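On a predicted model such as this, the values are computed, not experimentally measured, just so you know.
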Amino acid sequence: MNLPQTVLPANGFSPPDTFLSGQCFRWDEQPDGSFDGIAAGRALNVRRKGEQLAVTGVDPQEFAGLGLLQYFDLERDYASIARELAALSPVMRQACALVPGVRILRQDPWETLCSFILSQNNNIPRIKGIIARLCESFGEPCGSGCFAFPTPQALAAQTPETLAPLRSGFRAKYLLDAAQKVAAGLLPLPALAEAPLPEARRMLQTVHGVGPKVAECVLLYGCGRLEAFPVDVWIGRAMERLFPGKTPDFFGPYAGIAQQYLFCYCRAIHLK
């Protein structure tokens with residue numbers, strides 16, 4: 001079967017740099033080096049071919065309408081941003097050079113909220129397994145045996161008992177609280193992209209189980225707030241040992257992009 005395909009300039013986008021950078025959980029590398037994943041409710045395959053990006057599963061007329069240019073962040077000048085960040089310190093210069101093709105995906109904020117709730121005290125293979133079971137159980141089919149992420153309304157109707165097969169442990173109750181708040185309009189996700197950052201953080205942390213780190217992840221990866229700066233174990237070490245006395249403000253308006261470069265760098269060098 002011939003699937004629709006969109007081919008467009010890659011603008012430096014690297015699928016492995018991006019999809020393996022810890023910011024997303026529904027993209028899987030294939031033996032041929034391409035990546036299968038779900039975005040905008042579509043089953044997609046993404047492959048870099050020289051200076052072009054081939055996205056199979058969507059035709060060119062639909063690509064922009066589905067928000068996929070924004071999802072892959074293909075129009076931002078990352079080369080210019082990397083030069084700015086590299087000028088801050090030798091460490092940042094090395095970090096930017098290590099993964100020049102990493103991009104901040106603009107994921108769905110609801111999916112991002114749930115994904116990072118499930119990420120707490122967890123590892124990536126297990127997170128991906130829980131999310132796959134969540135989508136298979138409560139999401140709508142979206143082709144090729146894949147399932148879209150379930151809606152807040154679909155999850156709000158569940159109970160701890162119906163979520164038990166996901167094997168998400170203590171995180172199930174946090175997932176339910178998030179779903180119920182979003183479904184009831186108590187947490188208006190579209191407002192997070194525009195609200196002052198302190199207010200957006202406060203709104204997210206009204207969900208049980210959402211602390212500063214999860215809130216920052218949602219703001220950065222789900223709302224396009226590039227000034228957000230999630231601090232996990234790797235970034236905590238980096239700030240303590242490589243940037244002592246510095247705060248996220250040191251990295252300026254692209255602190256979230258700096259964080260992504262640093263995350264990949266710290267994992268690569270096994271910063272202790």
So is Arg106 actually on top of Tyr221's ring, under 6.0 Å and inside 45° of the axis?
no

[Y]/[X] salt bridge by N-O under 4.0 Å criterion:
X      : Y      : answer
Lys173 : Asp177 : no
Asp17  : Arg103 : no
Glu216 : Arg201 : yes

Hey, what do you get for CG (Leu134) to CG (Leu155), rounding to the nearest 0.5 Å?
5.5 Å

Given 3.5 Å as the limit, does a donor-acceptor pair link the side chain of Ser115 with the main chain of Thr112, or not?
no

Is it the case that the side chain of Arg267 and the backbone of Cys264 share a donor-acceptor pair, with hydrogens and angles ignored and the cut-off at 3.5 Å?
no

For this output row, return yes or no: ring centroids of Phe251 and Phe243 closer than 6.0 angstrom.
yes

Can you check side chain to side chain contact (heavy atoms under 4.5 Å, CB included) on Trp110 and Val218, steps first, answer last?
CA-CA 8 Å; Trp110 163 242; Val218 176; over 6 Å; no

Donor-acceptor side-chain pairing of Glu84 and Tyr254 below 3.5 angstrom:
no

With no hydrogens and no angle check, just 3.5 Å: does a side-chain donor-acceptor pair link Asp108 and Tyr71?
no

Working for salt bridge (Lys or Arg N to Asp or Glu O under 4.0 Å), residues Arg133 and Glu136:
CA-CA 5 Å; Arg133 292 189 290 274; Glu136 290 165 8; over 6 Å; no

In terms of the angle between their ring planes, are Phe35 and Phe19 parallel, tilted or perpendicular, with boundaries placed at 30° and 60°?
tilted

In the structure I gave you, are the side-chain heavy atoms of Ser34 and Pro15 within less than 4.5 Å of one another anywhere?
no

Contact check, side chains of Gln107 and Gln23, non-hydrogen atoms, under 4.5 Å:
yes

Linking Ile, Leu, Val, Met, Phe, Trp and Tyr through side-chain heavy atoms less than 4.5 Å apart, which residues share a cluster with Ile38?
none

Apply salt bridge (charged side-chain N to carboxylate O under 4.0 Å, His left out) to Glu51 and list each qualifying residue two or more places apart in sequence or on a separate chain.
Arg48

